[in-house]
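Take a look at the structure below.
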Number of protein chains: 2
Amino acid sequence: MARTPLTRDEVLSVAGDLVKQHGPEALSMRKLAAELGTAVTSIYWHVGNRESLLDALVQRTVADLGTIRPRGSGPQERVVSIARTLRRQLRAHPHLVAMVHERGLTEHMFLPVQQALVHEAHAAKLRGADAAEAVRAVLFQVVGHVLVERNRERAPVQRPGEEELWAGAKAVAAEDDRALARALAAPVDSERLFDTSVHALVKSLLGPAT
Amino acid sequence: MARTPLTRDEVLSVAGDLVKQHGPEALSMRKLAAELGTAVTSIYWHVGNRESLLDALVQRTVADLGTIRPRGSGPQERVVSIARTLRRQLRAHPHLVAMVHERGLTEHMFLPVQQALVHEAHAAKLRGADAAEAVRAVLFQVVGHVLVERNRERAPVQRPGEEELWAGAKAVAAEDDRALARALAAPVDSERLFDTSVHALVKSLLGPAT
DNA sequence: ACCTGAACACCGTTCAAGT
DNA sequence: ACCTGAACACCGTTCAAGT
């Protein structure tokens, strides 16, 4: 029954799989030990405790984050492309990204993106504090949107859902605009909404001064 | 030692206090029982179990959410005022708001805000699907920003922090823009950033078509 | 250096028994 | 109708003891 010697890497890798699948709250030291075929206490020798195990997983995630290659001709298009890529990356491993966030390593994780955004802001003739604020506005926008999306997806059936809220005859709110009521009753197309919002923000921030 | 009869309201109120102060993860049935001066099992008679206790707290929060009075002359100003108010409300009881979110009641909680935004979109001459998308874009923007803010505040010391990241001589990223490097090294003024972003978004969405 | 089981102090929940 | 303690099945962590 005796198994091959346990390694720190093996612990992290199996723990990472469990977290990716079911989230950090589903990771118990006892379950992990069972999965590894060792005594619970062996894990402690290799990784200290549960908290530092999770910390180590987070470090890995940050290190693994790829770089960003902006596409498009003008700065505005390229910023939108950066935003789209970032959204996709963040949505790929939601549990791990959430953990990175909780541990305050978001800034670190986003350094490459921020550099790419700085480059585009400069290309759009923004300088100094204006450029910094544009970069941060886009970053907040993207991360915020992803967090809202995540929350909506994780959430169970909305009660009452958008449909009931806006469909009924009592939907006075829609102010006699049937098309509006219909649009608000339909489920959110969050990818489309993401594009619209980013475009709108970028247009204001990087567009010609008015 | 025998205390006055336990009521469901009392359980909820004490539980609510504990959650407001230390978050839901700090609420254990045993601690709550101790606080109430009863046996752990008495709580179960009144509220079922831990999960439905938290559900009940969430219901209360949603019901307690006040209405919104937009200020300002034009639709753009008024939307910004709605956004500011919403941000303030969401930041007042972060733990409870997070729980509302997790339970998928966000939509319900935001009905009044959404109605107010619909009104302003109409005032800005938006109709149908365009109005709906503008309303949702603003809502996502505000909620997203608040979530990012919350995460940043909850997070421990950033390592490396923005300062080190952008200050060093190796900060090639800043592309010879000293003012930019300085701005990115300074801590985020997230209220100002919020205003900038919302203004930018609103200007694009509600402003004159270009 | 690495692994182990026993033990401690916590959980949420169920249940039969009390009044 | 309301409350109770005992018991069950879980936790994370420590520690002395093994090899």
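Below, chains carry the letters A, B, ... as their sequence lines are ordered, and counting in each starts from 1. Just so you know, these numbers use all the heavy atoms, side chains as well, and skip hydrogens, waters and symmetry mates.
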(message) Categorize B/S28 for me: base, sugar-phosphate, or nothing, with a 4.0 angstrom heavy-atom threshold over every strand shown.
(response) sugar-phosphate
(request) May I ask you to decide whether A/E10 forms a salt bridge with A/R3, counting only side-chain N to carboxylate O separations under 4.0 Å? (result) yes
(message) Does A/I43 reach a base, just sugar-phosphate, or nothing at all? Heavy atoms under 4.0 Å.
(response) nothing
(request) Name every residue in residues 10-22 of chain A that has at least one heavy atom under 4.0 Å from any atom of DNA chain D, in order of residue number, or write none if there are no such residues. (result) none
(request) Measure from the side-chain N and O atoms of B/T196 to the backbone N and O of B/R192, and report whether any donor-acceptor pair falls under 3.5 Å. (result) yes
(request) Check whether any side-chain heavy atom of A/V11 lies under 4.5 Å from a side-chain heavy atom of A/W45, and answer yes or no. (result) no
(request) Walking along DNA chain D from 5' to 3', note the first and the last nucleotide with an atom under 4.0 Å from a heavy atom of chain A, and give both. (result) D/dC11 to D/dC15
(message) Both atom distances under 3.5 Å, Watson-Crick or G-U wobble: I'd like the secondary structure of DNA chain D as a dot-bracket string, with | for pairs made across strands.
(response) ||.|||||...|||||.||
(message) Using modelled atom types and a 3.5 Å cut-off, is there a donor and acceptor pairing between side-chain atoms of A/R136 and backbone atoms of B/D189?
(response) no
(request) State, without any angle test, whether A/N49 and A/S52 hold a side-chain donor-acceptor pair at a distance under 3.5 Å. (result) yes
(request) May I ask you to decide if B/A129's main-chain N or O and A/R182's side chain share a donor-acceptor pair within less than 3.5 Å? (result) no
(message) Using modelled atom types and a 3.5 Å cut-off, is there a donor and acceptor pairing between side-chain atoms of B/S197 and backbone atoms of B/L193?
(response) yes
(message) Donor-acceptor pair, distance only, cut-off 3.5 Å: does the side chain of B/R87 make one with the backbone of B/H145?
(response) no
(message) Could you measure the distance from the OG1 atom of A/T41 to the CE atom of A/M29? Nearest 0.5 Å is fine.
(response) 10.0 Å
(message) What's the separation between atom CG in A/L54 and atom CD in A/E51, rounded to the nearest 0.5 Å?
(response) 5.5 Å
